[in-house]
Amino acid sequence: MLLSLIASHHDLDLSVLERLSADTHAVGREIVAGCPAVSGAVVLATCNRFELYLDVDDAEALDHARSGAAHVVAARSGYAPERVADQVHAATGAEVAEHLFSVASGLESMVVGEREIAGQVRRALTAARRDGTTTSALEALFQAASRASRAVGATTGLGAAGRSVVSVALDLVEDGLPAWPDVRCVLIGTGSYAGASLAALKARGCGEVRVYSASGRARAFATARGVRAVTSEDLHAELADVDLVVACSGAAGAVLEVEALAAARAGVERPLAVVDLALRHDVDPGVGELPGVRLVGLTTVAEYAPGEHSAPVEAARAIVERTAAEFDAERRVREWNPAVVAERRRVLGGLDQALVDGAEQAEAMAAAWALARAAVRLDARSRAAAAAASAPGESDASGDGEPDVAPFVAVALDERAARSLRRRTRAALHGPTVRAREAARAGDEVAYRAALAELAAIPVPDVSGVFRPQAASA
């Protein structure tokens with residue numbers, strides 16, 4: 001059974017999300033290892049949401065799974081387990097798929113329709129695979145979410161305009177920058193969000209982008225994308241002569257400190273725009289107090305990101321609702337179908353076995369009769385030979401004629417009759433089978449149980465009528 005625990009910018013401050021998202025890579029493994037009722041976990045943590053998707057053994061274990069997950073997140077975040085439980089919204093059943101499909105399609109994002117989230121959903125599943133915490137149910141859920149996202153993009157065009165958290169942040173600082181071809185920018189970070197940020201900068205015609213990473217991965221990132229890497233030694237000089245800093249490394253702790261930036265900008269009158277897209281703050285918030293520096297973070301983006309109620313958004317929501325309903329229907333069919341299959345196997349398997357048993361019994365009877373006939377003949381010949389030896393020249397009428405063995409009527413399987421019986425049996429099973437699966441798709445448990453009872457009432461057919469007598473062999 002699927003359970004999701006959801007915390008997002010819709011209900012919580014980003015500072016709370018930041019703490020909940022601490023050490024996300026370890027959370028899934030710890031939940032699966034520490035909670036026997038949970039067989040799988042996928043963690044989706046982005047700049048504006050923290051969500052857990054759990055595969056739980058059964059409905060009775062849901063409370064235990066939720067409590068276990070809250071304790072794991074609490075240990076990582078520093079919050080009390082009770083507060084974690086209060087901060088997250090729990091969803092089960094059809095609500096799980098509809099929410100994730102909506103998230104993957106950008107409908108729950110800070111900027112409605114943004115497309116980066118689709119990649120983050122895929123990477124969450126990849127991380128769970130790497131950690132060994134995914135299950136077939138979670139695989140099906142996340143793969144279906146990606147398909148729903150693609151359907152939304154292809155059908156509605158939502159996201160085609162490149163709307164994203166990055167684009168809104170750049171819109172907010174654009175007025176204070178030179179013309180984009182003249183903008184010099186330092187990009188902090190080398191992850192997937194840095195790649196999206198670099199693409200957004202290039203799309204606007206940003207003239208010069210330098211990449212810095214505290215982890216040392218800047219050179220490989222920059223070389224692959226045709227830009228230049230900046231070392232820790234060069235960063236001070238670069239910051240003195242740039243117009244824009246975009247930070248999205250997600251490192252633990254600020255990468256750009258107030259003191260370092262103040263020292264780099266000493267005596268510099270050139271205005272500087274700083275965009276911090278990291279949930280855990282790549283940039284010390286005090287940077288915004290420096291003279292000539294404008295700081296835009298996710299909180300500001302959330303304030304200015306326009307909501308949408310356009311026709312494409314409404315069309316996207318309709319696609320999400322439909323695909324989520326289809327996914328949930330297929331899930332129920334998979335979960336409820338084993339009982340249907342078991343009843344069909346009982347009848348059809350029993351029929352096949354009865355036909356095999358009947359054929360084997362007929363063969364055994366024929367073989368036993370043949371052996372008995374042969375034994376009687378041998379005995380008759382032996383007695384005739386003994387009589388001839390005792391009275392030479394005299395005939396013994398007792399050796400003449402057929403042996404005294406009851407006549408045998410051979411029985412064989414009538415293949416045509418057997419095929420007809422199989423067809424009738426499958427026809428009898430077809431109706432309640434279809435009704436059971438339709439009820440499963442609709443979630444109608446009463447109709448499902450009624451159809452299953454119909455299947456259970458169908459007996460294994462009597463096969464005596466498909467074995468026909470044949471002329472006895474001599």
Side-chain angles (χ1 to χ4, degrees), residues 1-8 24 27-45 49-74 81 84-104 108 121 124-125 127-129 131-148 320-342 436-449 451-452:
M1 186 171 191
L2 294 176
L3 167 68
S4 60
L5 302 175
I6 301 161
S8 78
T24 54
V27 167
R29 293 193 302 269
E30 291 184 6
I31 291 174
V32 173
C35 187
V38 178
S39 55
V42 177
V43 183
L44 176 61
R49 69 184 56 258
F50 172 72
E51 301 183 354
L52 298 174
Y53 291 84
L54 309 179
D55 189 353
V56 183
D57 291 344
D58 50 50
E60 288 72 21
L62 288 175
D63 288 342
H64 181 62
R66 184 177 181 181
S67 175
H71 277 79
V72 170
V73 175
V84 173
D86 289 341
Q87 300 285 10
V88 298
H89 165 70
T92 58
E95 188 181 354
V96 175
E98 185 167 347
H99 176 76
L100 180 59
F101 291 9
S102 186
V103 168
E108 301 296 328
V121 168
L125 179 60
R129 289 172 180 163
D131 293 341
T133 62
T134 188
T135 64
S136 59
L138 290 169
E139 288 275 352
L141 175 68
F142 273 74
Q143 290 173 13
S146 293
R147 290 195 297 272
V320 164
E321 290 176 4
R322 185 183 70 251
T323 54
E326 291 172 352
F327 173 82
D328 200 50
E330 292 300 323
R331 176 192 59 78
R332 281 194 302 272
V333 170
R334 288 193 301 271
E335 290 180 357
W336 296 9
N337 198 49
V340 175
V341 172
R437 288 172 177 165
E438 288 177 347
R441 286 188 62 83
D444 188 341
E445 189 170 350
V446 173
Y448 170 79
R449 292 192 180 281
L452 194 61

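No hydrogens, no waters, no symmetry mates; every other heavy atom, side chains included, goes into these values.
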Audit row: Val42, Thr133, side chain to side chain contact (heavy atoms under 4.5 Å, CB included) steps and yes/no:
CA-CA 7 Å; Val42 177; Thr133 62; 5.6 Å; no
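- Heavy atoms only, all atoms of each residue included: Ala7 and Val88 are closest at CB-CG1, 4.1 Å.
- We find the NE2-OG distance between His89 and Ser4 to be 6.5 Å, quoted to the nearest 0.5 Å.
- Few gaps surround CG on Asn337; more than 12 heavy atoms of other groups in view lie less than 6.0 Å from it.
- Residues forming a side-chain hydrogen bond (donor to acceptor under 3.5 Å, both in side chains) with Arg331 (at least two apart in sequence, or on another chain): Asp328, Glu335.
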Run the numbers on Leu125 and Leu44 for side chain to side chain contact (heavy atoms under 4.5 Å, CB included), then give the verdict.
CA-CA 8 Å; Leu125 179 60; Leu44 176 61; over 6 Å; no
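- Residue pairs meeting the salt bridge (charged side-chain N to carboxylate O under 4.0 Å, His left out) criterion with at least one partner in residues 85-104, sequence neighbours excluded, do not occur; the list is empty.
- In terms of heavy-atom proximity, Thr323 sits nearest to Ala148 at OG1-CB, 3.7 Å.
- Residues passing the side chain to side chain contact (heavy atoms under 4.5 Å, CB included) test with Asp57 are Ala37, Ser39, sequence neighbours excluded.
- Annotation: side-chain hydrogen bond (donor to acceptor under 3.5 Å, both in side chains) contacts of Arg322 (sequence neighbours excluded): none.
- For the atom pair NE2 of His99 and OG of Ser8, the computed distance is 6.5 Å after rounding to the nearest 0.5 Å.
- Residues passing the ring pair (Phe, Tyr, Trp, His ring centres under 6.0 Å) test with Phe327, sequence neighbours excluded: Phe101.
- Dense packing is recorded around CZ of Arg129, with more than 12 heavy atoms of other residues, nucleotides or ligands lying under 6.0 Å away.
- Annotation for Ser102 and Glu108: closest pair OG-OE2, 3.0 Å, computed over non-hydrogen atoms.
- Listed by chain and residue number, Ala439, Asp444 satisfy the side chain to side chain contact (heavy atoms under 4.5 Å, CB included) test with Ala447 (two or more places apart in sequence, or in another chain).
- Rounding to the nearest 0.5 Å places OH of Tyr53 at 7.5 Å from CG of Leu141.
- Here the straight-line distance linking atom CG of Leu2 with atom CG of Asp55 works out to 5.5 Å at 0.5 Å rounding.
- Here Glu330 pairs with Arg441 under the side-chain hydrogen bond (donor to acceptor under 3.5 Å, both in side chains) rule; sequence neighbours left out.
- Under the rule for a side-chain hydrogen bond (donor to acceptor under 3.5 Å, both in side chains), the partners of Gln143 that lie at least two apart in sequence or sit in another chain are Glu139.
- Arg49 contributes no side-chain N or O that, together with a main-chain N or O of Val103, makes up a donor-acceptor pair within less than 3.5 Å.
- Partner Val72 forms a side chain to side chain contact (heavy atoms under 4.5 Å, CB included) with one of Val84, Val27, Val32, Val38 and no other, that one being Val27.
- With sequence neighbours excluded, the residues satisfying side chain to side chain contact (heavy atoms under 4.5 Å, CB included) with Ala69 are Leu5, Ile31, Leu52, Leu54.
- Separation of atoms CG (Leu3) and CG (Leu62) is listed at 5.5 Å; rounding is to 0.5 Å.
- For Arg147, the salt bridge (charged side-chain N to carboxylate O under 4.0 Å, His left out) criterion is met by no residue, not counting sequence neighbours.
- Contact check for Ile6 versus Glu51: side-chain heavy atoms found under the 4.5 Å cut-off.
- Within the 4.5 Å cutoff, the side chain of Thr134 has no heavy atoms near those of the Phe142 side chain.
- With sequence neighbours left out, the salt bridge (charged side-chain N to carboxylate O under 4.0 Å, His left out) criterion links Glu438 to no other residue.
- What you find for Phe50 and Ala45 is that their closest heavy atoms are CD1-CB, 4.2 Å.
- Taking Ala85 as the reference, Ala70 meet the side chain to side chain contact (heavy atoms under 4.5 Å, CB included) condition, with sequence neighbours excluded.
- The two atoms that bring His64 and Pro36 nearest to each other are NE2-CD, 4.2 Å, heavy atoms only.
- The two atoms that bring Gly28 and Val43 nearest to each other are N-CG2, 3.7 Å, heavy atoms only.
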